[in-house]
Colleague: 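My questions all concern the structure below.
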Amino acid sequence: PEDPYCPYPTSLLHIEELCDSIVRSHRDTSQFRLEELQALRWKLFSREELHAYQSKSVDEMWQHCAVRLTEAVQYVVEFAKRIPGFRGLGQNDQITLLKTGSMEVVLVRMSRCFNTENSTVFFDGKFGSTELFKSLGCGDLMVAVFDFAHSVCALRLTEQQMALFSSLVLINPDRPCLEDRGRVHRMRRDLEVCLSHMLRRDNQESLQHKLYQKVSVLQSLCSLHVEKLHWFSQRYPLIVHSVFPPLYKELFT
Amino acid sequence: LKEKHKILHRLLQNSTS
């Protein structure tokens, strides 16, 4: 039935068009193509290359990772802009949704770059284990991030399912300080209808509950990241201020 | 909020072409 308050009808045709549009947006804003990642999955860092990373100072490695993370976030910003209805939101609400949602989507997308057979992630052009990030001094965070990637990979999401899940992670009406919560909620409801429609089509309705369970893990990973950043910026305030990417500082400090 | 997130705001303003 037509919902008078919903900016657009929730007919099946509309839902399928919305699904296709989100899948296209995901594909068009993916930092790495799946085929590329598959082809490179056995390209591991050599012992010497690993040693080079582990010999970096903590501030060098933090800066390096902040740059890489910021690159990934920018792809997520482009993804958000292409989600139907997102640009119709107020500018403050667009910022609010991305302020926390961008890192969460980066973490979801990271599972595409993860090889569960040897627990390695694609970074700087090759695959490396948590050992690669030793000099960050954030062992617990990296283990938690790798564990999360494992758990998402275990769901064996298709690219289409990942696209929908990413949009749901981003369009979160529970974020604090939203000015038009109702509008975000309506957008979210259509995305939920899209996801259940897609999972029903794929005969994988049990996935919906498992996906929603991931959201709380995502939030704890993001808080742990901010906690680590706080720890680091107390030790190296000048580094964060002077050489960290400005977008990273805007989002996370 | 826009004041504190100038870069993000600018990225959001850029066209999606």
Side-chain angles (χ1 to χ4, degrees), chain A residues 21-22 24-31 66-67 69-103 105-106 167 170-171 175-181 184 244-253, chain B:
Chain A
S21 167
I22 289 164
R24 240 186 347 267
S25 306
H26 169 77
R27 193 189 54 234
D28 294 347
T29 60
S30 286
Q31 190 171 4
V67 168
L69 184 56
T70 305
E71 285 164 5
V73 162
Q74 286 178 269
Y75 281 88
V76 172
V77 172
E78 292 309 310
F79 171 62
K81 287 160 64 174
R82 289 164 172 76
I83 294 175
F86 184 85
R87 298 195 82 166
L89 296 170
Q91 288 174 0
N92 283 342
D93 281 357
Q94 290 181 35
I95 289 172
T96 297
L97 290 177
L98 276 164
K99 175 102 171 146
T100 34
S102 55
M103 176 66 166
V105 176
V106 164
S167 68
L170 204 58
I171 307 302
R175 298 293 186 207
C177 314
L178 282 174
E179 292 169 355
D180 190 345
R181 202 173 297 281
V184 178
F244 267 39
L247 178 58
Y248 181 94
K249 286 185 287 186
E250 266 186 18
L251 291 172
F252 303 118
T253 58
Chain B
L1 204 54
K2 273 176 274 186
E3 207 41 50
K4 280 199 201 146
H5 299 82
K6 288 197 176 97
I7 295 168
L8 182 54
H9 183 231
R10 186 166 39 80
L11 289 174
L12 288 167
Q13 297 300 104
N14 293 348
S15 77
T16 55
S17 56

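Not measured: the values here are computed from a predicted model. Below, read A as the first sequence line, B as the second, and so on, with proteins coming before strands; counting in each chain starts at 1.
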Colleague: Under a 4.5 Å cutoff for heavy-atom pairs, which residue among A:Val77, A:Val73, A:Asp28, A:Ile95 has the most contacts with chain B?
Modeller: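 So the answer, after comparing A:Val77, A:Val73, A:Asp28, A:Ile95, is A:Ile95.
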Colleague: What distance separates B:Ile7 CD1 from A:Leu247 CG, expressed to the nearest 0.5 Å?
Modeller: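 Taking CD1 in B:Ile7 and CG in A:Leu247, the distance rounds to 6.0 Å.
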Colleague: Most heavy-atom pairs under 4.5 angstrom with chain B, which of A:Lys249, A:Lys99, A:Gln74, A:Lys81?
Modeller: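 The residue among A:Lys249, A:Lys99, A:Gln74, A:Lys81 with the greatest pair count is A:Lys81.
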Colleague: State the CD-CG distance between A:Glu250 and B:Leu8, to the nearest 0.5 angstrom.
Modeller: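 A:Glu250 atom CD to B:Leu8 atom CG measures 6.0 Å (nearest 0.5 Å).
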Colleague: Between A:Thr29 and chain B, with a heavy-atom cut-off of 4.5 Å, which part of the residue counts as in contact: side chain, backbone, both or neither?
Modeller: neither
Colleague: Looking at A:Gln94 and B:Leu12, would you say the former's side chain and the latter's main chain have a donor-acceptor pair under 3.5 Å?
Modeller: no
Colleague: Of the non-hydrogen atoms in A:Glu78 and B:Leu11, which two are nearest, and what is the gap between them?
Modeller: OE2-O, 4.2 Å
Colleague: Give a yes or no answer on whether the side chain of A:Gln91 reaches the backbone of B:Lys2 with a donor-acceptor pair at less than 3.5 Å.
Modeller: no
Colleague: Can you pull the salt bridge (charged side-chain N to carboxylate O under 4.0 Å, His left out) pairs that have at least one residue in residues 3-12 of chain B, sequence neighbours excluded?
Modeller: B:Glu3-B:Lys6
Colleague: Show the nearest heavy-atom pair for residues B:Thr16 and A:Arg87, with the distance to one decimal.
Modeller: CG2-NH1, 3.2 Å
